[in-house]
Every structure is written in structure tokens, then in C-alpha cells.
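Owing to the predicted nature of the structure, the values given are computational and were not obtained by experimental measurement. Letters A, B, ... are given to chains in the order of the sequence lines, protein chains preceding strands, and every chain is numbered from 1. All heavy atoms count here, side chains included; hydrogens, waters and symmetry mates do not.
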There are 2 protein chains.
Amino acid sequence: MNVTIYDVAREANVSMATVSRVVNGNPNVKPATRKKVLNTIERLGYRPNAVARGLASKKTTTVGVIIPDISNIFFSELARGIDDIATMYKYNIILSNSDQNKEKELRLINTMYEKQVDGLIYMGAEISEEHVQQLKTSPVPVALAATIDSSETIPSVNIDYEQAAYEATSILIENGTKHPVFVTEETNSAVNERKYAGYAKALKEANQEINEDFVIKAGLSYESGVEAAKQVMELKDFPKAIFSASDELALGVIHGLQDNGLRVPEDVEVIGFDNTKLSTMVRPTLSTVVQPMYDIGAVAMRLLTKFMNKETVEEQNVILPHQIMKRNSTK
Amino acid sequence: MNVTIYDVAREANVSMATVSRVVNGNPNVKPATRKKVLNTIERLGYRPNAVARGLASKKTTTVGVIIPDISNIFFSELARGIDDIATMYKYNIILSNSDQNKEKELRLINTMYEKQVDGLIYMGAEISEEHVQQLKTSPVPVALAATIDSSETIPSVNIDYEQAAYEATSILIENGTKHPVFVTEETNSAVNERKYAGYAKALKEANQEINEDFVIKAGLSYESGVEAAKQVMELKDFPKAIFSASDELALGVIHGLQDNGLRVPEDVEVIGFDNTKLSTMVRPTLSTVVQPMYDIGAVAMRLLTKFMNKETVEEQNVILPHQIMKRNSTK
DNA sequence: CTTTTTTTTCGAAAGGATAAAATATAAGTA
DNA sequence: TACTTATATTTTATCCTTTCGAAAAAAAAG
């Protein structure tokens, strides 16, 4: 049926091993032989079977990518960074959505192992003990991207969320709002905790006792942001500045405010987080914390290649630089 | 090193075949034996090797997905639909970005074949003769998603782009603009041609001679939209209505207009295409053609499963219904 | 208690490559 | 020319399952 390496070997009058060497670009092949084999391959339309190769070599040149939701603009940007570097190093990615569902996450990790991926990139909010257990006993290298496990035992690539949140909040305080509102995702993740910590730190530094009414737990979506804006307006004497844990939420917040006749930034300032493409797609354009999503994905994948090649890695927990991008939603 | 089916067989005092049957849920196993094997599997921590299985069974339960750019909100939504249905049918997806680069596309198709995917979902703008050739001689089923090959010989899932564009344009005409502007992507794809055809049809029906100055070729991005808005404003006596070939472009157009003091929809109406999440994330909210991206992906994947199961398929070229969502960017 | 039928289980052959050891050929040196 | 050394090539084993025909065991029938 299908043309195999054996067919090529027979037709070219060489052994399978020689064909294999030609296919894999091994230099130990006499030019004349190489040419002969190449011709035969061409003539028969031979296409190497990566599955057979994977079984024999124990390498699939495939890495698993577990992602909360690829249709989310934040994660899709990360995924793009991952895939570009994967391609650069000749890997393909098996991508699966977890919806941050613990069962599904654990199952997916196992599926990836079954599929014999050479490495795994994992993204997710809550890293439970079971997660750590399963990832630490992995048969292949693992790297977390934009994901924190509190034990810090698994290689990862992130920014300094606490510091970033601290800076963002501080800007609002400096601009004159004593106690800004924090609109956060209600997900119970280490990343969120750190953002909160940074927010709290800035308040403390300004000698503000933290008021939990000013911490609004919202969903992940734009609509939750609109909703959150309403909640903010219901606060009596509500603060004139809002720090949002994501850009999408921030957009919702801005529109929620505008829909109720408030002006941004004149009446209320808003600062976002992530610097997704969305941040330039609003009016006013969104001031935000630049989290280099693409780079996080790319660096995580690069890190993974190092592990897969058994290169030595100096620092397993990479912190990428962030910055604050001031646009027009803040003064 | 690794626990294999052979180890399990030995420890459980059965043959490999029996273990295999247990693992695959084959009913022809005595309950007592099943239990014994299951215990051994548990005890040894056996995990089936999907690569070996793939080689032996010639099925990898993996499908290839070639996508222009996963970080694009339109495609990531499609991808999500694909993955959800794939998961439902126990497939995993190998996802690769093509950037609509012909070389890369052709190379990726080949890579997918090498990896022995059980099927392939392809998305891309320009389907050349070579593409058709390579896809038609595929060793596995193929389905196009939101992608048209003019020969219509490859199974596909789309909406009726011409009709949709016709309807969108007609609305603008009915609202009082004799000859709306069409801001389109400059990519030379069959989908774009059909959108143009629909636009032209609506004009013709309104007895308007088509003015090519009113057809503006832009890039794919938001920024191109902003740019396009400027071009529109430079047209003397420019039309008061714009039909944009995508939502992202439309957002750019709206903001480009607003940044120059024009009001939407009072001064200029804008209608988009796709109904991505973006369409509700602008002010005014965007009237647009609803293209069910998620469903297109899902249906394409479903179609593919039918082919992979060798089920008979009534219609290979599926046309999903579209609709017009009127929001606030039109009167 | 045979014989027949049905249900379980086994053994061995694929499946298509790679990898390590062994052999053959070519080139270099004394 | 004979002997090393280096370069090419072949041989054989292995990777881990599934699959299928055959054997064994169990259940049903006579």
C-alpha cells in the first residue's frame, strides 16, 4: 500500500539503514549513494512515517500545550509565541483547551504523556498539589507559561506580577486617588494573589488601610467588566481610579462607566493589565501593564528546548521584564 | 525503564493480547481477568504508549489543524470549535500557524501527513492549484473551514459570503447611502471575491455603477482600519456608509472616523463582518454580519469525523446560515 | 460423559522506522 | 605491498502495540 523505507531500500539497492541516513541528513553517505536514494525516494513518493520513527527513536518532535482557552486573546497570543519557537526548533504542538477545569487538566496532562510528547507547556490558574505531583513525575520536561505554582519547583516563565500591580496602583495613587478600586478575576490563582499583594503593598505604602469593598471580584469577560463598573458606581463616594486585573475587564469597565455618562479619564481613571491588542482598540486607549505574552510563550518554549536537549539551565524560574504603558485612560 | 504492556502481561500472568483487550475496553474478557489486569496496571503504573499503538493500529487519534494565525481573534474562535468537537470524539489536534505563506502551508500539510494524522482541517486564504493537488491526494480526509477552493472539490464548511455581503451592503443602501464604501482585505482569496461580488450585486440592484475608488484595500489589522478611515475621508464627497470586510477593520474604521471628529452612526454608518467578540467591545457597538466561527470549526471537525469513520456524507460543501446583527453603528 | 458451541486466552506476526554492532570498502602510511 | 585507519554500508535487534488465527477453557447440548 504505502511506500516504506523498505521499498526504497529494495528499489535503490541499498539497506534500510542507508536510506534512513539519507533521510535524516547523516553525512556518512557517499554522494553517489545519496543521489541514488534521493532519486528513488522521489520516484516512489516516499514519505517517512513519523510514528514509526517516534517509536524507534523515542522522540516525537512534538510538544504538548495545555491552555485554558485558545479563544481568549491573552492565551492565543501566548500560544503563538510557543508555536513560533516550536517551529523554529522543528517541533509541532498538540494543543488542548482545559477551561481551567481540574479534572480535564489532569486528564490532559496524562493524555500528553501517552502521546509521548517530548515536552509539555502548561498554562492554568490553580496549580493544586495533584497538579504539582503529576507534573513533577513527568517523564518529559515541563515548563509553565504565565502560570505560577507556589512551590516554585517547576520551571516557569512569568513577569513579576506583584511588582507590576504595585506600580500600576501606585500610578493611580500618585495621580490623586488615595484608594483605587481593584477589579480582579475571582479565580483563585497564585497570579491573582500576587496582583492583589502588589495592590495592597501600594496602598500600604500610601498609608491606606485596605477597604475590601473596593476589591471587586469579577469574571473573566468583558461583560463582567461592564458589570463591575456598575458595582463601582454603587459604592458611595467611589474612588476615581480603577486598577483592572486584565485588559478585557478594563474595557468593560471603561464602557460601563461611559454608558453611565462618566468620562475616562476625566471622571475616573482606568488602568489595565496585559497590554493585549485590545488596549489600543478602545477610546480612550488603555493605559496598562505590559505583559509580554508572546515572549512568555516563546521563552517558555525556548526553555523547554533546552531541557529537552539536556542543556544546563541557569535559572529555572524566568522572570521577564514588564513595563507600564501610559495611554489615555489615565491622566 | 518504562512499564510496557509486556511487563503488565508478565506480572498479571496473562498474554499481551489480553492486556491490550482490557486497556481498550474489549468486552471479550472474563471479569476476573479484567480485574486482575487492571490491578496490575494500577500497581505498575502502566501508561499505554500511543505512538506504538498508532504504529500498530494505523490510527493516531490526532488531526492536523493548519491555521493562518492563532492569535487572530477570528481564527482562535474557529480553533476552539474544532478542538471542542475533536475532544468530544477523542481526538487531539496538532495545530500549526501558516501565516498564509504558501511555502509554509504546503510544507505543513506534508508534515501533517508525515505525522500520520487521521484527518486534516485546513484554513487559508488562497487555495492554489498546488494546494488542491496536495489536499486531493491526501492519504486522509480533509475539510476546509471558513475557506473556499474555487474548484469546490474539497469538503468545506462556510457561510454564503456573497449573500451575506449583499445583505450588509443593501442595509446601508436602504439607510440612504447610494454607494457605500467597501473596505476589504487586500488578500486575494475566494472568500474576498465573494464578498466583493455581494457588494457589487447590491450596488447593481440599486442601479449604481461601481466606483472602484470606493473599494479600499486594507491590511488585516485594526491599524489598517484606522488608516482606511483616513482614506475614506479623503474621498471627495465621501459616502456616509462603510461596509468593512471584518470586525477588526471596522473597529479601526470607527475609531479613525471618531478621532477625526466624525460621529458613528450619525455622520457615517459602519457595518462589519464576522461578529467577533470585538463587535460588542466598541462604542457604538458594531452592527455586523454574524459568521458563526465557532460553529464553522465545530461542523468542520464533525464533518471530518464522519469521513474518518467512513460514514456517508450527503453534502460535502456545507453552508451554514448567517445573519445580520444590527447594533448601534448603523441607523 | 461425550460432543458441540461459545467464550477466553495465547502466540506470533506485523507495523515502519532507528541504533548499535559488524562488515566491507576506500584511503593513508610505512 | 602489506597494514592501519577512516569511511560507507549492512545486519540484526529493538521500540510497544494491535491483530488475527489457533488453542484452551468453559458452557451448552445431546
Self-check item: Distance, nearest 0.5 Å, that separates NZ of A:Lys115 from CG of B:Asn92
Solution: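 Reported value, rounded in 0.5 Å steps: 4.0 Å.
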Quiz item: Do the side-chain N and O atoms of A:Tyr113 and A:Gln134 include a donor-acceptor pair separated by under 3.5 angstrom?
Solution: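 Side-chain D/A pair, A:Tyr113 to A:Gln134: absent.
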Exercise. Taking atom types as modelled, find out whether A:Tyr294 and A:Asp84 have a side-chain donor-acceptor pair closer than 3.5 angstrom.
Key: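 A:Asp84 and A:Tyr294 do have a side-chain donor-acceptor pair below 3.5 Å.
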4.5 Å side-chain heavy-atom contact, [X] and [Y]:
X: B:Thr187; Y: B:Gln100; answer: yes
X: A:Ser189; Y: A:Ile148; answer: no
X: B:Val191; Y: B:Thr147; answer: no
X: B:Ile109; Y: B:Leu120; answer: yes
X: B:Val23; Y: B:Arg53; answer: yes

Quiz item: Counting only non-hydrogen atoms, which of residues 106-116 of chain A are less than 4.0 Å from DNA chain D?
Solution: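 None, since no heavy atom is under 4.0 Å.
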Quiz item: Among residues 27-47 of chain B, which contact DNA chain D at a heavy-atom distance under 4.0 Å?
Solution: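 Within this stretch, B:Tyr46, B:Arg47 sit under 4.0 Å of the strand.
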Practice problem: Check whether any side-chain N or O of B:Ser156 sits under 3.5 Å from a backbone N or O of B:Asn317 as a donor-acceptor pair, and report yes or no. | Solution: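 Checking the backbone N and O of B:Asn317 against the side chain of B:Ser156, no donor-acceptor pair under 3.5 Å is found.
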Self-check item: chain B contact limits on DNA chain C, taken 5' to 3' with a cut-off of 4.0 angstrom to heavy atoms
Solution: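 Range of nucleotides touched by chain B: C:dT8 to C:dG16.
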What is the distance, to the nearest angstrom, from the [atom1] atom on [X] to the [atom2] atom on [N]?
X: B:Met16; N: D:dT19; atom1: CE; atom2: P; result: 13 Å
X: B:Tyr6; N: D:dT14; atom1: OH; atom2: C1'; result: 14 Å
X: A:Asn13; N: D:dA8; atom1: CG; atom2: C1'; result: 16 Å
X: B:Leu55; N: D:dC15; atom1: CG; atom2: C1'; result: 9 Å
X: B:Asp7; N: D:dC15; atom1: CG; atom2: P; result: 11 Å

Within the structure shown, what part of the strands sits under 4.0 Å from [X] by heavy-atom distance: base, sugar-phosphate, or nothing?
X: A:Asn26; value: nothing
X: B:Val14; value: sugar-phosphate
X: A:Thr18; value: base

Exercise. Give me the one residue out of A:Ile82, A:Asn97, A:Ile93 that meets side chain to side chain contact (heavy atoms under 4.5 Å, CB included) with A:Ile67.
Key: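 It is A:Asn97; the other options fail the test.
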Quiz item: For D:dT18, does either OP1 or OP2 sit under 4.0 Å from a side-chain N or O belonging to B:Asn24?
Solution: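 For D:dT18, OP1/OP2 do have a side-chain N/O of B:Asn24 under 4.0 Å.
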Quiz item: Of all heavy-atom pairs between B:Thr40 and B:Ala12, which one has the smallest distance, and what is that distance?
Solution: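 That closest heavy-atom pairing would be OG1-CB, 3.4 Å.
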